[in-house]
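Structure, as structure tokens:
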Amino acid sequence: MSGPRTITHRDADVLAQAAAARLVTAIADAQAERGTASIVLTGGGVGTAVLAALGSSPARDAVDWRAVDVWWGDERFLPAGDPERNETGAREALLDRVDVDPGRVHAMPASDGPDGDDVDAAARRYADELAAAGSGNGPVPAFDVLMLGVGPDAHVASLFPGMPQLRESGAVVPVRDAPKPPPTRISLTYPSIGAAREVWLLAAGEGKADAVRRATAPDAAPERTPVVGARGRERTLFLVDLAAAGEKPGHR
Ligand SMILES: O=C(O)[C@H](O)[C@@H](O)[C@H](O)[C@H](O)COP(=O)(O)O
């Protein structure tokens with residue numbers, strides 16, 4: 001797997017708009033090639049801004065949303081509809097504004113869902129849903145694009161530095177005591193992330209400059225810098241703004 005290609009944008013707004021344009025093009029290309037597309041969404045400010053940019057762009061009508069499978073890379077284990085859930089943000093930003101097939105929007109279970117507050121059972125349920133969709137491809141489908149916001153500590157999804165989930169071989173894991181609130185979450189693992197054709201890493205703002213710098217250091221290791229373990233099968237893009245790249249505004 002080759003290393004990420006970094007593409008730097010003037011600021012967070014340009015990054016969100018450009019990533020949205022890239023996403024709708026990737027969906028259209030996948031549908032042209034295979035008749036369907038499979039995308040994995042991320043929570044966080046930049047991830048949601050990308051969806052909002054796409055949701056408010058005429059370009060959103062360039063794809064057949066009925067032929068898109070939507071998955072999540074991680075989710076906060078909260079009741080359905082909680083404003084802190086990544087699913088809630090994604091629906092408000094994009095999914096409620098396009099004609100998706102509800103049966104192809106695969107939200108991670110909520111804490112008031114079929115497994116109640118049993119986050120282990122909820123993680124197993126999502127792993128089963130992925131395996132069913134994988135239909136012989138293996139434990140997860142061949143995602144076309146998997147987006148991951150990058151935390152200031154270089155976490156991606158809910159894979160945080162030093163936590164045992166980084167070494168998990170299963171497809172989906174429960175997370176307790178996450179350093180980023182809320183503490184209880186569900187997350188894809190590196191094997192699931194690595195099943196994606198493309199992984200797009202999103203980072204904006206000077207608060208991410210250290211994480212981006214560490215991620216591109218030659219001796220970076222996933223244990224301390226989880227973002228370096230996130231690689232796509234065909235391509236990995238690091239989509240950043242000047243501030244996250246540690247460059248001065250106006251430099252471009
Ligand atoms: O559930 C979550 O919190 C996210 O999935 C998380 O992985 C997020 O993407 C990063 O923490 C970046 O978030 P920001 O873009 O808001 O900094």
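Note that ligands are numbered from 1 as they come in the structure, with each ligand's atoms numbered from 1 the same way. Side chains included, hydrogens not; waters and symmetry mates left out as well; all remaining heavy atoms used. Quick caveat: nothing in here was measured; it's all calculated off a predicted structure.
The closest protein non-hydrogen atom to atom 8 (C) of ligand 1 is Lys180 NZ, 3.7 Å. In this structure, the protein non-hydrogen atom closest to atom 17 (O) of ligand 1 is Lys208 NZ, 2.5 Å. Residue, atom and distance of the protein heavy atom nearest to atom 14 (P) of ligand 1 are Gly45 N, 3.4 Å. If you check which protein heavy atom lies closest to atom 1 (O) of ligand 1, you get Arg76 NE, 2.8 Å. The single protein non-hydrogen atom nearest to atom 12 (C) of ligand 1 is Val150 O, 3.7 Å, given as residue, atom name and distance. Of all protein heavy atoms, the one lying nearest to atom 10 (C) of ligand 1 is His155 NE2, 3.4 Å.
Checked by distance only, ligand 1 and Val156 stay at 3.5 Å or farther apart across all their nitrogen or oxygen atoms. Annotation: Gly151 places no N or O atom under 3.5 Å from an N or O atom of ligand 1; distance criterion only. An N or O contact shorter than 3.5 Å links Asp74 to ligand 1 by distance. The shortest N or O to N or O distance between Gly43 and ligand 1 is below 3.5 Å.
Proximity of Ala157 to ligand 1, defined as any heavy-atom pair under 4.0 Å, is confined to the backbone N, CA, C and O atoms. Neither the backbone nor the side chain of Leu148 has a heavy atom within less than 4.0 Å of ligand 1.
Counting atoms of ligand 1 from 1 in the listed order, those under 4.0 Å from a heavy atom of Val46 are 15 (O). Within the listing of ligand 1, atoms 5 (O), 9 (O) sit less than 4.0 angstrom from a heavy atom of Thr42.
Checking side-chain atoms of Thr88 against main-chain N and O of Glu84 turns up no donor-acceptor pair under 3.5 Å.
Ala215 and Val228 make their closest contact through O-CG1, 3.5 Å (heavy atoms, listed as atom of the first residue, atom of the second, distance).
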(message) salt bridge (Lys or Arg N to Asp or Glu O under 4.0 Å) for Glu198 and Arg233? Distances and angles first, verdict last.
(response) CA-CA 6 Å; Glu198 297 203 11; Arg233 283 189 290 122; over 6 Å; no
(request) In sequence, state the C-alpha distance, the side-chain angles, and the governing distance for Arg91 and Glu87, and then conclude on salt bridge (Lys or Arg N to Asp or Glu O under 4.0 Å). (result) CA-CA 6 Å; Arg91 288 189 185 279; Glu87 174 198 5; 2.8 Å; yes
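Expressed to the nearest 0.5 Å, how far CG of Asp144 lies from OG1 of Thr36 amounts to 7.5 Å.
Within a 6.0 Å sphere centred on CG of Asp177, other residues, nucleotides and ligands contribute 12 heavy atoms or fewer.
At a cut-off of 3.5 Å, with distance as the only test, no side-chain donor of Ser187 or Asp74 sits close to an acceptor on the other residue.
Note: the hydrophobic cluster containing Leu242 does not contain Leu15 (ILVMFWY, side chain heavy atoms under 4.5 Å, direct or indirect links). Both Val105 and Val98 are assigned to one and the same hydrophobic cluster, defined by single-linkage of ILVMFWY side chains at heavy-atom distances under 4.5 Å.
Not close to ligand 1: Glu75, with no non-hydrogen atom less than 4.0 angstrom away.
Each of Leu148, Leu146, Leu23, Val50 was scored for a side-chain contact (heavy atoms from CB on, under 4.5 Å) with Trp200, with one residue passing: Leu23.
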